[in-house]
Amino acid sequence: MRRFRSTKIVATLGPASSDADMIRHLFEAGVDVFRFNFSHGSHEDHQKRCDIVRALEAESGRPIAIMADLQGPKLRIGTFPDGPIELKTGDKFRLELKDGPGNAKRVTLPHPEIFAALEEGTDLLLDDGKVRLRVLKCDGKSAETEVVTGGPLSDRKGVNVPGVVVPLSALTPKDQDDMRFALDMGADWIALSFVQRPEDVAEARKLIAGRAAVLVKLEKPAAIEQLDQIVEISDAVMVARGDLGVELPPEKVPPIQKRIVRLCRSLGKPVIVATQMLDSMVNAPSPTRAEASDVATAVYDNADAVMLSAETAAGKYPMEAVTMMNQIIRTVESDDYYLAAAHVDQPVPDRTVSDAMTLAAREVAEAIDAGCIVTYTTSGSTTIRASRERPTVPILCITSSMKTARRLAMAWGVHAVAIAQEERFSAIVQRATEVAKSEGFAGTGDKVVITAGVPMGKPGSTNVLRVERIP
């Protein structure tokens with residue numbers, strides 16, 4: 001199941017993509033990582049999908065990553081028993097901590113943390129920014145507001161507080177329960193929603209305890225203010241443009257997207273661009289030209305992966321959406337400008353033996369037109385370094401850890417294969433040539449470039465580079 005592209009595809013599973021046949025079709029159309037959205041569905045639903053993915057993985061022989069996306073502290077107003085209300089610009093509207101029926105004058109906001117953070121002049125955005133309120137006064141239990149932008153408002157709509165760090169953990173009790181289940185289920189990535197501070201990531205990492213990799217969704221302006229520190233302690237990042245675009249003016253999101261992608265590339269952290277990429281394909285069999293350009297831009301920017309959300313979870317054309325995304329990626333990657341641009345922004349290697357070897361592997365592989373670069377890794381760090389170099393030849397990762405192989409399904413240009421543990425470098429060389437041939441990366445007489453660390457099994461110790469001809 002070799003993919004003839006480098007940028008990976010993440011697809012969300014949901015009501016439109018829950019049965020074995022559809023999940024198989026999505027995988028065959030190009031999905032590398034399946035996202036399980038824990039904002040929806042029961043644990044039983046997720047377990048059934050996981051079982052299908054793992055059976056498909058065993059059948060195909062290709063590691064497939066599962067991402068468990070936690071809901072996070074989503075803030076919502078209460079309910080309106082008499083039906084939706086209509087707020088008009090200039091109206092006064094009261095938010096109250098105490099419970100009670102909502103009406104045209106007030107609604108419950110059951111989040112004391114918000115009231116603790118509010119002050120006069122603070123803006124609140126309701127229903128993804130469709131309604132904007134400005135705080136006139138607040139006493140810690142209620143807030144008198146004026147409607148700045150009016151519109152309809154109905155039950156349980158979300159609340160955003162732009163420019164304010166709300167004193168909430170990124171892990172609610174529901175998230176902690178979901179995370180325990182996801183780890184027991186065997187998720188490879190845990191995605192954290194609404195991260196605001198590095199401490200949020202550290203808290204999650206402590207609870208995960210190495211059982212999965214940590215992916216941070218960047219969707220709060222507060223997180224962008226501490227971007228370097230948050231990315232540094234994450235294993236991967238998602239540019240979650242939905243909520244980010246609610247709390248920030250839309251015109252600010254594209255440059256932030258590019259900034260995040262560049263930073264992740266320089267630090268060697270896989271980065272996903274997500275949200276509304278082919279949104280019209282929820283209801284239509286083909287995307288708009290603007291959507292195709294949006295996906296292409298993320299690929300040209302050298303994102304590791306692009307993601308489909310509602311398109312595959314609830315849309316009418318899930319397989320067509322994956323097929324279209326695959327076609328866009330392959331078209332961009334066939335453009336001569338694509339890799340030329342990637343090497344213009346080539347990250348400066350660290351002054352380490354491992355980075356020097358990885359840089360040399362790319363240069364040697366390109367100079368001799370090798371069939372692939374083969375990285376032997378335990379933790380995946382060697383392969384992530386190779387991916388950061390964006391070589392013009394494929395990266396074949398061989399590892400004795402299926403957990404590592406699955407995680408690397410997220411990384412640009414990497415085709416991972418799990419093998420038995422090898423103790424000698426000569427055995428690694430033999431296995432590398434065998435796998436390169438069997439997986440279709442090189443034929444008899446072709447050359448491959450192999451990197452590994454000696455002694456074997458020590459993470460981050462790449463210190464050997466070898467050119468081998470396929471027998």
Side-chain angles (χ1 to χ4, degrees), residues 12 14-16 35-43 45-46 69-88 91-118 122-135 138 141-162 164 166-178 191-196 217 219-220 240-247 275-276 279 282 309-310 313-315:
T12 306
R35 171 179 174 249
F36 290 33
N37 186 357
F38 276 77
S39 295
H40 305 286
S42 66
H43 286 180
D45 293 335
H46 293 307
D69 192 338
L70 305 181
Q71 177 175 291
K74 187 71 173 177
L75 309 174
R76 298 182 186 277
I77 59 172
T79 60
F80 300 92
D82 295 330
I85 64 168
E86 183 77 26
L87 293 178
K88 297 180 180 178
D91 283 353
K92 299 298 187 291
F93 191 66
R94 190 171 179 81
L95 303 170
E96 296 182 338
L97 186 59
K98 69 178 182 181
D99 196 11
N103 54 46
K105 298 295 183 182
R106 58 87 61 193
V107 74
T108 298
L109 181 60
H111 301 288
E113 300 87 354
I114 291 185
F115 290 104
L118 291 182
T122 301
D123 281 1
L124 296 100
L125 304 176
L126 280 59
D127 192 12
D128 290 336
K130 297 181 180 72
V131 173
R132 179 183 289 266
L133 309 176
R134 182 159 297 152
V135 175
C138 180
K141 295 182 179 179
S142 65
E144 191 71 35
T145 74
E146 180 179 4
V147 179
V148 178
T149 304
L153 193 62
S154 56
D155 294 350
R156 305 284 298 157
K157 292 301 182 185
V159 179
N160 294 82
V161 193
V164 174
V166 180
L168 279 171
S169 166
L171 292 172
T172 66
K174 169 181 163 42
D175 293 327
Q176 294 188 37
D177 183 49
D178 287 343
L192 308 178
S193 298
F194 301 110
V195 166
Q196 298 183 92
K217 295 167 66 181
E219 50 197 333
K220 299 287 288 183
R241 302 177 302 177
D243 278 270
L244 194 60
V246 170
E247 297 204 12
T275 320
Q276 299 175 327
D279 195 52
V282 171
S309 299

Going from [atom1] on [X] to [atom2] on [Y], what distance comes out if it is rounded to the nearest 0.5 angstrom?
X      : Y      : atom1 : atom2 : value
Leu125 : Lys157 : CG    : NZ    : 14.5 Å
Leu126 : Ser154 : CG    : OG    : 10.5 Å
Glu219 : Asp243 : CD    : CG    : 5.0 Å
Asp177 : Leu171 : CG    : CG    : 12.0 Å

Any idea which heavy atoms bring [X] and [Y] closest together, and the distance?
X      : Y      : result
Leu70  : Asp178 : CD2-CB, 4.0 Å
Ser169 : Pro73  : O-CG, 3.5 Å
Ser142 : Arg94  : OG-NH2, 2.8 Å

Listed partners of His40 passing ring-ring contact (aromatic ring centres under 6.0 Å, His included), at least two apart
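Once residues adjacent in sequence are excluded, His40 has no partner under the ring-ring contact (aromatic ring centres under 6.0 Å, His included) criterion.
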
Who are the ring-ring contact (aromatic ring centres under 6.0 Å, His included) partners of Phe194, not counting sequence neighbours?
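For Phe194, no residue satisfies ring-ring contact (aromatic ring centres under 6.0 Å, His included) once neighbours in sequence are set aside.
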
Partners of [X] by side chain to side chain contact (heavy atoms under 4.5 Å, CB included), sequence neighbours excluded?
X      : result
Ala117 : Val164, Pro167
Ser309 : Thr12, Arg35, Met307, Glu311
Val147 : Leu87, Asp91, Phe93, Leu133
Lys130 : Asp127, Asp128

Please tabulate, for the side chains in residues 103-116, all donor-acceptor contacts under 3.5 angstrom to protein atoms that are two or more places apart in sequence or on a different chain.
unit_1	atom_1	unit_2	atom_2	d
Asn103	OD1	Lys105	N	2.8
Asn103	OD1	Arg106	N	3.0
Arg106	NE	Glu96	OE1	3.1
Arg106	NH1	Gly100	O	2.9
Arg106	NH1	Pro101	O	3.2
Arg106	NH1	Thr108	OG1	3.3
Arg106	NH2	Glu96	OE1	2.8
Arg106	NH2	Lys98	O	3.2
Thr108	OG1	Lys98	O	3.1
Thr108	OG1	Gly100	N	3.3
Thr108	OG1	Gly100	O	3.2
His111	NE2	Arg76	N	3.1
His111	NE2	Arg76	O	3.4

Taking side chain to side chain donor-acceptor pair (under 3.5 Å) as the definition, give me every residue that meets it alongside [X], ordered by chain and number, with sequence neighbours left out.
X      : answer
Lys220 : Glu247
Arg241 : Gln257, Asp294
Thr172 : Asp175
Ser39  : Asn37

Any non-hydrogen side-chain atom of Val161 less than 4.5 Å from a side-chain atom of Leu118?
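They are in side-chain contact.
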
Any ion pair linking Lys217 and Asp69 (charged N to carboxylate O, less than 4.0 Å)?
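Lys217 and Asp69: salt-bridged.
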
Where do Ile77 and Leu153 land on the side chain to side chain contact (heavy atoms under 4.5 Å, CB included) test, with the steps shown first?
CA-CA 10 Å; Ile77 59 172; Leu153 193 62; 3.9 Å; yes

What residues, two or more places apart in sequence or in another chain, satisfy salt bridge (Lys or Arg N to Asp or Glu O under 4.0 Å) together with Asp279?
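If we apply the salt bridge (Lys or Arg N to Asp or Glu O under 4.0 Å) test to Asp279, skipping adjacent residues, there are no hits.
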
Please confirm whether the backbone N or O of Ser193 pairs with a side-chain atom of Lys74, one donor and one acceptor, at under 3.5 Å?
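No; judged by distance alone, with no hydrogens or angles, the pair does not exist.
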
